[in-house]
Amino acid sequence: MLPADELMSVEPIRQRIFVVDDHPLVREWLANLINQQRDLMVCGEAENAPQALEGIAAQKPAVAIVDLTLKDSSGMELIKDLKQLHPEVKVLALSMHDESLYAERALRSGARGYIMKRETTGRVITAIREVLEGKMCVSPGVSQAMAAKFASGRPLDVTPVELLSDRELEVFEMLGQGLGTRKISEMLDVSLKTVQAYCARAKEKMGLKNATELLSEAIRWNETKQPGRF
């Protein structure tokens with residue numbers, strides 16, 4: 001048996017974290033923050049979903065931190081893929097978006113937690129450790145809203161945008177960013193008809209008369225919500 005002083009100096013096993021974000025500076029910030037911890041380490045990085053799936057399969061991290069919008073791909077869809085392909089990997093969603101609209105969607109997709117990029121560094125580390133411990137990590141306000149919703153069995157104060165599916169919302173936001181349907185189809189790797197179908201369903205759910213109203217509403221929504229991307 002090692003003496004007590006030597007036991008105190010033994011380095012703990014470091015949990016492996018994989019970072020998925022399309023901004024190099026964000027990846028660098030997270031890597032520096034995580035690698036400073038005695039019990040955590042970054043084992044890999046990716047800027048898009050294909051790279052993430054390949055890297056996570058190779059590195060087998062305990063936690064994947066996933067930004068909800070990635071380069072030419074969807075973080076929400078990546079979370080769903082990870083749940084199916086790598087259920088042992090716990091996912092912490094990272095976003096610029098207001099929790100009230102996106103946290104529940106991320107959790108339904110398979111994430112174990114949701115944290116915004118504006119959080120303090122201490123809160124980010126706490127969120128990672130909570131997810132590692134098997135806890136769900138969202139703000140108290142979101143937890144209360146979700147509990148009230150499930151207790152009542154019906155949505156509370158649902159806005160038209162909240163009626164959209166994950167893909168419909170993604171297309172709606174991309175329209176508001178000034179992207180045309182053909183460009184959206186290329187970025188999402190789906191057919192033009194599929195994107196047009198998403199637009200049609202979004203228009204119907206939101207009670208809008210035509211494509212012009214849908215585009216105007218998408219632009220207005222993008223201008224009024226929190227700045228930044230997914």
Asker: Looking at every non-hydrogen atom in both residues, tell me the closest pair between Arg112 and Leu107 and how far apart they are.
Answerer: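 Closest heavy-atom pair between Arg112 and Leu107: C-CD2, 4.0 Å.
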Asker: Restricting to salt bridge (Lys or Arg N to Asp or Glu O under 4.0 Å), what partner residues turn up for Arg16, sequence neighbours left out?
Answerer: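 Salt bridge (Lys or Arg N to Asp or Glu O under 4.0 Å) check on Arg16 returns nothing, list empty.
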Asker: Nearest 0.5 Å, please: how far is SG in Cys199 from CG in Leu214?
Answerer: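 Taking CG in Leu214 and SG in Cys199, the distance rounds to 5.5 Å.
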Asker: Restricting to salt bridge (Lys or Arg N to Asp or Glu O under 4.0 Å), what partner residues turn up for Glu88, sequence neighbours left out?
Answerer: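 Not a single residue meets the salt bridge (Lys or Arg N to Asp or Glu O under 4.0 Å) criterion with Glu88.
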Asker: Find the distance between NZ (Lys90) and NZ (Lys83) and round it off to the nearest 0.5 Å.
Answerer: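 Separation between the atoms: 14.0 Å.
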Asker: Under the ring-ring contact (aromatic ring centres under 6.0 Å, His included) definition, can you give me all pairs with a residue in residues 163-185, not counting sequence neighbours?
Answerer: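 Found Phe172-Trp221.
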Asker: Enter the distance from Glu173:CD to Ile219:CD1 here, rounded to the nearest 0.5 Å.
Answerer: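 With rounding to 0.5 Å, CD (Glu173) is 13.0 Å from CD1 (Ile219).
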Asker: Is it the case that one hydrophobic cluster holds both Met136 and Tyr114, taking links as side-chain heavy atoms less than 4.5 Å apart, direct or via other members?
Answerer: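 In one cluster with Met136: Tyr114, yes.
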Asker: Can you name the salt bridge (Lys or Arg N to Asp or Glu O under 4.0 Å) partners of Lys135, sequence neighbours left out?
Answerer: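 Partners of Lys135 under the salt bridge (Lys or Arg N to Asp or Glu O under 4.0 Å) test: Glu133.
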Asker: Taking C-beta and beyond as the side chain, do Val89 and Val63 meet within less than 4.5 Å on heavy atoms?
Answerer: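 No, their side chains stay 4.5 Å or more apart.
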Asker: Using the side-chain contact (heavy atoms from CB on, under 4.5 Å) criterion, which residues pair with Ala200? Sequence neighbours excluded.
Answerer: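 For Ala200 there are no side-chain contact (heavy atoms from CB on, under 4.5 Å) partners, ignoring immediate neighbours.
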Asker: Between Leu192 and Ile184, is there shared hydrophobic-cluster membership here, with clusters defined by ILVMFWY side-chain heavy atoms closer than 4.5 Å?
Answerer: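 In one cluster: no.
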Asker: I'd like to check Leu78 versus Leu68 (side-chain heavy atoms, cut-off strictly below 4.5 Å). Are they in contact?
Answerer: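 Result no, sub-4.5 Å side-chain heavy-atom pair not found.
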Asker: Only counting residues at least two apart or in another chain, list the ones meeting side-chain contact (heavy atoms from CB on, under 4.5 Å) with Thr120.
Answerer: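 Partners of Thr120 by the side-chain contact (heavy atoms from CB on, under 4.5 Å) criterion, ordered by chain and then number, come out as Arg123.
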Asker: Kindly indicate whether the side chain of Val131, heavy atoms from C-beta on, has any atom under 4.5 Å from the side chain of Cys137.
Answerer: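 Val131 vs Cys137: side chains touch.
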Asker: Can you name the side-chain hydrogen bond (donor to acceptor under 3.5 Å, both in side chains) partners of Gln15, sequence neighbours left out?
Answerer: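 Gln15 satisfies side-chain hydrogen bond (donor to acceptor under 3.5 Å, both in side chains) with no residue once adjacent residues are dropped.
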Asker: Could you go through the side-chain contact (heavy atoms from CB on, under 4.5 Å) check for Val19 and Val26 one step at a time?
Answerer: CA-CA 9 Å; Val19 177; Val26 174; 6.0 Å; no
Asker: With the side chain counted from C-beta on, respond yes when Ile128 and Ile34 share a heavy-atom pair under 4.5 Å apart, and no when they do not.
Answerer: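 Side chain of Ile128 against side chain of Ile34, heavy atoms only: contact under 4.5 Å found.
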Asker: When rounded to the nearest 0.5 angstrom, what is the spacing between OG in Ser109 and CE in Met76?
Answerer: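 Ser109 OG to Met76 CE: 5.0 Å, rounded to 0.5 Å.
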Asker: Check the pair Val195, Val190 against side-chain contact (heavy atoms from CB on, under 4.5 Å), reporting the backbone distance first and the verdict last.
Answerer: CA-CA 7 Å; Val195 173; Val190 297; 3.7 Å; yes
Asker: Check whether any side-chain N or O of Ser216 sits under 3.5 Å from a backbone N or O of Glu213 as a donor-acceptor pair, and report yes or no.
Answerer: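 Checked: no pair found.
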Asker: Quick one: pull up CD in Glu170 and CZ in Arg105 and give me the separation to the nearest 0.5 Å.
Answerer: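 Those atoms lie 10.5 Å apart.
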Asker: According to side-chain contact (heavy atoms from CB on, under 4.5 Å), who are the partners of Leu33, at least two apart in sequence or on a separate chain?
Answerer: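 Partners of Leu33 by the side-chain contact (heavy atoms from CB on, under 4.5 Å) criterion, ordered by chain and then number, come out as Trp29, Gln37, Thr121, Val124, Ile125.
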Asker: Minimum heavy-atom separation for Gly113 to Leu92, with atom names?
Answerer: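 Here Gly113 and Leu92 meet closest at C-CD1, 3.5 Å.
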Asker: State, yes or no, whether a side-chain contact exists between Leu53 and Leu82 at a heavy-atom distance under 4.5 Å.
Answerer: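 Leu53 reaches Leu82 side chain to side chain.
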Asker: With side-chain contact (heavy atoms from CB on, under 4.5 Å) as the criterion, how do Glu217 and Met206 come out once you've worked through the C-alpha distance, each side chain's angles and the decisive distance to 0.1 Å?
Answerer: CA-CA 9 Å; Glu217 183 63 19; Met206 299 180 73; 3.7 Å; yes
Asker: Considering non-hydrogen atoms only, spot the tightest contact between Ser191 and Thr194 and give its length.
Answerer: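 Smallest heavy-atom distance, with atoms named: OG-OG1, 2.8 Å.
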Asker: List the atom of Ala127, the atom of Ile115, and the distance in Å for their closest heavy-atom pair.
Answerer: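 Shortest heavy-atom separation between Ala127 and Ile115 comes out as CB-CD1, 3.8 Å.
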Asker: Please evaluate residues Arg167 and Ser74 with respect to the criterion side-chain contact (heavy atoms from CB on, under 4.5 Å), reporting the C-alpha separation (whole Å), side-chain torsions for both, the decisive distance (0.1 Å), and the verdict.
Answerer: CA-CA 9 Å; Arg167 272 301 201 190; Ser74 166; 4.2 Å; yes
Asker: Mind listing the closest non-hydrogen atom pair of Ala31 and Val42 along with its distance?
Answerer: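 Looking at all heavy atoms of both residues, the closest pair is CA-CG2, 3.7 Å.
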Asker: Heavy-atom distance under 4.5 Å between the side chains of Val20 and Leu94, does that happen here?
Answerer: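 Val20 vs Leu94: side chains apart.
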Asker: Rounded to the nearest 0.5 Å, what's the gap from CE on Met41 to CZ on Phe18? Could you check?
Answerer: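 Taking CE in Met41 and CZ in Phe18, the distance rounds to 12.0 Å.
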Asker: Who pairs with Asp39 by salt bridge (Lys or Arg N to Asp or Glu O under 4.0 Å), at least two apart in sequence or on another chain?
Answerer: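 Testing Asp39 for salt bridge (Lys or Arg N to Asp or Glu O under 4.0 Å), a comparison that skips the adjacent residues, returns Arg129.
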Asker: Salt bridge (charged side-chain N to carboxylate O under 4.0 Å, His left out): which pairs involve residues 41-57, sequence neighbours left out?
Answerer: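 Output for this query lists Arg27-Glu45, Glu47-Lys71.
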Asker: Taking side-chain contact (heavy atoms from CB on, under 4.5 Å) as the definition, give me every residue that meets it alongside Lys183, ordered by chain and number, with sequence neighbours left out.
Answerer: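 Listed in chain order: Leu179, Glu186, Met187.
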Asker: Minimum heavy-atom separation for Leu70 and Gly75, please, with both atom names.
Answerer: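 Distance-wise, the nearest heavy atoms are CD1-CA, 4.0 Å.
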Asker: Sorted by first residue and then second, give each salt bridge (charged side-chain N to carboxylate O under 4.0 Å, His left out) pair with at least one member in residues 202-212; sequence neighbours left out.
Answerer: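 Salt bridge (charged side-chain N to carboxylate O under 4.0 Å, His left out) check on residues 202-212 returns Glu168-Lys205.
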